[in-house]
Amino acid sequence: MSAALRILVTGGAGFVGSHLCDRLIRDGHEVVALDDLSTGSRANVAHLLHHRRFQLLEHDVIQPYDVKVDRIYNLASPASPPHYQRDPVRTTMVNVVGTHNALKLAASCGARVFQASTSEVYGDPEVHPQPESYRGSVNPIGIRSCYDEGKRCAESLVMDFHRSRGVEVRMARIFNTYGPRMALDDGRVVSNFIVQALRGEDLTVYGAGSQTRSFCYVDDLVEGIVRLMEHPTETGPVNLGNPEEFTVLELAEEVIHLTGSRSRIAFRPLPQDDPRQRQPVIDQAKRVLGFEPKVPLRVGLRRTIEGFRSVLGLGRHAPALAASESDAPLPQAVNG
């Protein structure tokens, strides 16, 4: 990007959104972060609040809004099972109506839109690993469908606005991402394991822990997002993630090792529709964007652990809290 742009990031106070705001500010742009703070946090952007090129607008994306911008990154949505299952009707509305509002704004002011889609559109995949051409195996009436089908419908809206109204669009299917600023109650596997280990609690593994995931560090993801947004022609969808595959049990053991925790592993029954495998094919991202993740899992986990130590008020090399010293247990969640 050469010229400075005015950029809207919906969900800009969220985990990924706040890191994206950091990157765009560093690149010299003016950034408006729009967030209702239902799952995002003002703390995630506290260091930007007095920056002359940053503005935080507290607003619900289901309600129309009008901001004159050159780019729209549409990241607004609860993204972890405990968050999106808390109010499933609202989750669907955020993804469908919220995306519709972003696209209408883009059409009115001539902005380019980036749509943050998700690997969840592949459901519990029958094809492994998952290329963009795979159409998925989603349960449309399951407990995860509010998010899975909401994102699938949003993809349809994005492409229909592009074909019928000429809106410039870019779309990525984002696979498991982790890093500092994940919420303590995020409920996804990396944050759950790290917080449980630092609190000295058992790490909750569902099933035998043999289900696989691929974990992308947030800085790598943001690099891919920006590259896709600024590509002159590629609309997507493009898979963005790290194709290195690990079992959930391997991740639990690595977190215990890196935290120095005395925690053990507790096995629980698998929840409904928990995907058995999740791994991206990123050949298209490599070829078109020159994208390839650079942060190894162990390095990213160390950075993430230190971030959680800070949030929990632990010293840099402090031992994990004993279970009796911990806060209330985390909510039950899938290993997604």
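Here the structure is a predicted model, which means the values were calculated and not measured. For reference, positions follow the sequence shown, starting with 1.
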Next item on the list: Using modelled atom types only, decide if a donor and an acceptor are shared between the side chain of Gln279 and the backbone of Pro129 within a distance under 3.5 Å.
Entry: no
Next item on the list: Quick one: list whatever passes side chain to side chain donor-acceptor pair (under 3.5 Å) with Glu58, sequence neighbours left out.
Entry: Arg42
Next item on the list: Write out all pairs satisfying ring-ring contact (aromatic ring centres under 6.0 Å, His included) with one or both partners inside residues 142-165, taking only residues at least two apart or from two chains.
Entry: Tyr84-Tyr147, His100-Phe161
Checklist line | Qualifying ring-ring contact (aromatic ring centres under 6.0 Å, His included) pairs, either residue in residues 38-61, two or more places apart | finding: His59-Tyr65
Next item on the list: Compute whether any side-chain donor of one residue and acceptor of the other, for Gln211 and Thr247, lie under 3.5 angstrom apart.
Entry: no
Margin query: So, using side chain to side chain donor-acceptor pair (under 3.5 Å) as the criterion, who are the partners of Arg52 when residues are at least two apart?
Written below: none
Notebook entry, point to check: Do other residues, nucleotides or ligands put more than 12 heavy atoms under 6.0 Å from the CE atom of Met159?
Noted result: yes
Notebook entry, point to check: To which residues is Val138 joined in a hydrophobic cluster, defined by side-chain heavy-atom contacts under 4.5 Å among Ile, Leu, Val, Met, Phe, Trp and Tyr, whether direct or through other members?
Noted result: none
Check: Which residues, ordered by chain and number, are linked to Tyr122 in its hydrophobic cluster, where ILVMFWY side chains connect at heavy-atom gaps below 4.5 Å, directly or through other members?
Finding: Val121, Val127, Tyr134, Phe175
Notebook entry, point to check: What residues form a side chain to side chain donor-acceptor pair (under 3.5 Å) with Ser119, not counting sequence neighbours?
Noted result: Arg278
Margin query: Going by side-chain contact (heavy atoms from CB on, under 4.5 Å), name the residues that satisfy it together with Ala111, two or more places apart in sequence or in a different chain.
Written below: Val69, Ile72, Ala106, Cys109
Margin query: Minimum heavy-atom separation for Val255 and Phe193, please, with both atom names.
Written below: CG1-O, 3.6 Å
Next item on the list: Please identify each residue that fulfils salt bridge (Lys or Arg N to Asp or Glu O under 4.0 Å) with Glu168, with sequence neighbours left out.
Entry: Arg112, Arg170
Notebook entry, point to check: Taking only residues two or more places apart in sequence, or in another chain, which ones meet Lys286 in a side chain to side chain donor-acceptor pair (under 3.5 Å)?
Noted result: none
Next item on the list: Could you tell me which residues satisfy salt bridge (Lys or Arg N to Asp or Glu O under 4.0 Å) with Glu30, sequence neighbours excluded, listed by chain and number?
Entry: Arg6
Check: Short question: side chain of Asn101, backbone of Val61 - any donor-acceptor pair under 3.5 Å?
Finding: yes
Checklist line | Contact list for residues 292-305, test side-chain hydrogen bond (donor to acceptor under 3.5 Å, both in side chains), sequence neighbours left out | finding: Glu254-Arg298
